[in-house]
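These notes are about the structure you will find just below.
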Amino acid sequence: MEQRHLGRTGLRVSRVGLGTLTWGRDTDEHDAAEQLKAFWDAGGTLVDTADVYGGGEAEYLLGRLMERLVPRQDLVLSTKAGSVPDPDRRTDGSRGHLLAALDASLARLGTDHVDLWQLHAFDPHTPLEESLQALDIAVRSGRARYAGVANFCGWQLAKAGTWQLGGDRTRLAGAQLEYSLLQRGVEREVLPAALDLGIGLLPSSPLGRGVLTGKYRSGTPSDSRGASETMAPFVEPYLDDAASRIVDAVTTAADGLATSPLHVALAWVRDRPGVTAPIVGARTARQLTAALSVETLSLPDEICRALDDVSAPVHRYPDHDWSTL
């Protein structure tokens, strides 16, 4: 698998990453082991997790698998901290919480460092510079090699990225946000900020939460995430008429290229400007292997333009040049 630099750094990662959102909850140890082995065999290196995935079970499971299945040095481990299971406070970006969460993540993962550590979300109740200081401490102490953020909007990413360029601070290497043909909101301000600051984008849910595979065109399959009690609310927003038109266009493109809708949707986001590596979460190793076989596919320009047109979000003032309005 081709390797790419994460942003304006020396860190190289596979151009498709493996997500572990459901590990330890909907994905058991056997299925997780098969996925990790298939990913490694395909040349994948970037494995993404978080301290809240499965209540910590995803990290624990990944750590156990690294002990006996895949060498730690062959993987680029990415984890996140800052999300908390508290309905009254969804995020905690305090320095104390973040550093304690990192230590707990390292213990579950069974390693002395992660390659990329990210703030999981912006905390409006904590000064941003305090949260960012935790990233600096993590890198200086050797507990993290690189730092990033996730789920920051445009002004938040611009402020954080600019702040980190000053003084003796750790520049942001990556930003993880949802990005797909069904969710192009990052193109408004996040992606321009990332490109300007040299921050690599790591798209989550690049297959539109599974909808872009076409599996929901005739209803919700009984073995799909959309049929899962925990994941159905996650999928449901992308089952409307607007999404259906985009899925039809992806399917038409796939038929014309003699490939699958999954491959078309994944190749589109993988090769967008500013994107380093989309993070793919699969239910089974077979699904993951199918996604990883996208490696040899590059979409023709005319297909990309057609997909751009059918999925184009409405961006008006001030996102467009005011003189053209």
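Bear in mind that the values here come from a model prediction, so they are computed numbers and not experimental data.
- A salt bridge between Glu187 and Arg184 is present, with a side-chain N of the basic residue lying under 4.0 Å from a carboxylate O of the acidic one.
- There is a side-chain donor-acceptor pair under 3.5 Å between Gln133 and Arg95.
- Nearest heavy-atom pair, Gly208 versus Tyr238, reported as atom, atom and distance to 0.1 Å: O-CD1, 3.4 Å.
- Between the side chain of Arg270 and the main chain of Val294, a donor-acceptor pair closer than 3.5 Å is present.
- Judged by distance alone, with hydrogens and angles left aside, the side-chain atoms of Thr9 form a donor-acceptor pair with the main-chain N or O of Leu6 at under 3.5 Å.
- Considering OG of Ser311 and CD of Gln183, their distance stands at 11.0 Å, rounded to 0.5 Å.
- Taking the charged nitrogens against the carboxylate oxygens, Glu29 and Arg64 do have a contact shorter than 4.0 Å, which makes a salt bridge.
- Side-chain contact check for Arg143 and Ser141: at least one donor-acceptor pair (N or O, by modelled atom type) lies under 3.5 Å.
- Although no hydrogens or angles enter the test, the distance criterion places a donor-acceptor pair under 3.5 Å between the side chain of Gln3 and the main chain of Met1.
- You'll find the side chain of Val52 stays beyond 4.5 Å of the side chain of Val84, heavy atoms only.
- With Leu98 as the fixed residue, the side chain to side chain contact (heavy atoms under 4.5 Å, CB included) test singles out one of Asp123, Leu119, Asp103: Leu119.
- A donor-acceptor contact closer than 3.5 angstrom links the side chains of Thr27 and Thr22.
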Kindly determine whether Gln164 and Leu132 satisfy side chain to side chain contact (heavy atoms under 4.5 Å, CB included), including the steps that lead there.
CA-CA 8 Å; Gln164 291 302 103; Leu132 294 171; 3.3 Å; yes

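- When the side chains of ILVMFWY residues are joined at heavy-atom separations under 4.5 Å, either directly or via intervening members, Trp268 and Leu177 end up in a single hydrophobic cluster.
- Across every non-hydrogen atom of Pro278 and Leu266, the tightest pair is CG-CD1, 3.8 Å.
- In terms of heavy-atom proximity, Trp117 sits nearest to Ala144 at CB-CB, 3.8 Å.
- Side chains of Trp23 and Asp28: no donor on one and acceptor on the other come within 3.5 Å.
- Listed here is the closest heavy atom pair of Thr276 and Gly200: OG1-CA, 3.4 Å.
- A salt bridge links Glu295 with Arg15: at least one charged nitrogen is closer than 4.0 Å to a carboxylate oxygen.
- Rounded to the nearest 0.5 Å, atoms CZ (Arg209) and CD (Glu236) are 10.0 Å apart.
- Between the side chain of Arg8 and the backbone N or O of Ile199 there is no donor-acceptor pair closer than 3.5 Å.
- Minimum interatomic distance between Trp40 and Pro71 (heavy atoms only, all atoms of both residues): CZ2-CD, 3.6 Å.
- Side chain of Ser14 to backbone of Gly44: no donor-acceptor contact under 3.5 angstrom is found.
- Under 3.5 Å, the side chains of Gln156 and Asn151 contain no donor-acceptor pair of N or O atoms.
- Ionic pairing of Lys37 and Asp41 is present here: one or more N-O contacts between side-chain nitrogen and carboxylate oxygen are shorter than 4.0 angstrom.
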Please determine whether side chain to side chain contact (heavy atoms under 4.5 Å, CB included) holds for the pair Glu189 and Cys153, giving the CA-CA distance in whole Å, both sets of side-chain angles, and the decisive distance to 0.1 Å.
CA-CA 7 Å; Glu189 293 183 338; Cys153 70; over 6 Å; no

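- In this structure, Val211 and Val247 have side chains that are in contact, with non-hydrogen atoms separated by less than 4.5 Å.
- Linking Ile, Leu, Val, Met, Phe, Trp and Tyr whenever their side-chain heavy atoms come within less than 4.5 Å puts Met66 and Val114 in one cluster.
- The residue from Arg145, Arg12, Arg72 that alone fulfils the salt bridge (charged side-chain N to carboxylate O under 4.0 Å, His left out) condition with Asp115 is Arg72.
- Both Val16 and Leu62 belong to a common hydrophobic cluster when Ile, Leu, Val, Met, Phe, Trp and Tyr are linked at side-chain heavy-atom distances under 4.5 angstrom.
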Going through the distances and angles, do Ile303 and Asp301 end up as a side chain to side chain contact (heavy atoms under 4.5 Å, CB included)?
CA-CA 5 Å; Ile303 295 292; Asp301 290 343; over 6 Å; no

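- A side-chain donor from one of Ser78 and Gln118 sits under 3.5 Å from a side-chain acceptor of the other.
- The side-chain heavy atoms of Thr170 and Tyr146, taken from C-beta on, include no pair separated by under 4.5 Å.
- Clustering ILVMFWY residues whenever any of their side-chain heavy atoms sit less than 4.5 angstrom apart, transitively, puts Leu288 in a cluster other than the one holding Val76.
- Between Arg90 and Ser83, every side-chain heavy-atom pair lies at or beyond the 4.5 Å cut-off.
- Listed for the Gln35 side chain is a donor-acceptor partner under 3.5 Å among the backbone atoms of Ala282.
- Classification of Asp31 and Arg283 as a salt-bridged pair fails, no side-chain N sitting under 4.0 Å from a carboxylate O.
- For the pair Thr289 (side chain) and Ala285 (backbone), a donor-acceptor distance under 3.5 Å is present.
- Taking each heavy atom of Val139 and Ala147 in turn, the nearest pair found is CG2-CB, 4.4 Å.
- From Ser180, atom OG reaches atom CG of Leu212 across 5.5 Å, with rounding to the nearest 0.5 Å.
- Rounded to the nearest 0.5 Å, atoms CG (Leu46) and CG (Leu11) are 8.0 Å apart.
- The closest side-chain donor-acceptor pair between His120 and Thr91, if any, does not fall under 3.5 angstrom.
- At a cut-off of 3.5 Å, with distance as the only test, a side-chain donor of Arg272 or Tyr179 sits close to an acceptor on the other residue.
- Salt-bridge annotation for Asp51 and Arg108: absent, with no side-chain N of the basic residue lying under 4.0 Å from a carboxylate O of the acidic one.
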Using side chain to side chain contact (heavy atoms under 4.5 Å, CB included), reason through Arg25 and Glu57 one step at a time and then give a plain yes or no.
CA-CA 8 Å; Arg25 186 183 61 199; Glu57 286 298 311; over 6 Å; no

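- Looking at Leu61 and Thr20, their side chains never come closer than 4.5 Å, going by heavy atoms from C-beta outward.
- One hydrophobic cluster holds both Val250 and Tyr216 under the rule that ILVMFWY side chains link at heavy-atom gaps under 4.5 Å.
- For the residue pair Glu59/Thr49, the side-chain donor-acceptor check at 3.5 Å is not satisfied.
- Residues Leu128 and Phe122 form a side-chain contact, since some pair of their non-hydrogen atoms from C-beta on lies under 4.5 Å apart.
- In this structure, the side chains of Phe152 and Leu172 stay at 4.5 Å or more apart for every pair of heavy atoms.
- Ionic pairing of Asp271 and Arg4 is present here: one or more N-O contacts between side-chain nitrogen and carboxylate oxygen are shorter than 4.0 angstrom.
- Residue His113 holds its NE2 atom at 11.5 Å from CG of Leu102, rounded to the nearest 0.5 Å.
- A salt bridge links Arg217 to Asp248: at least one charged side-chain nitrogen sits closer than 4.0 Å to a carboxylate oxygen.
- Within the 4.5 Å cutoff, the side chain of Leu18 has no heavy atoms near those of the Asp48 side chain.
- Atom-to-atom distance recorded for Leu299:CG and His263:NE2 is 11.0 Å, nearest 0.5 angstrom.
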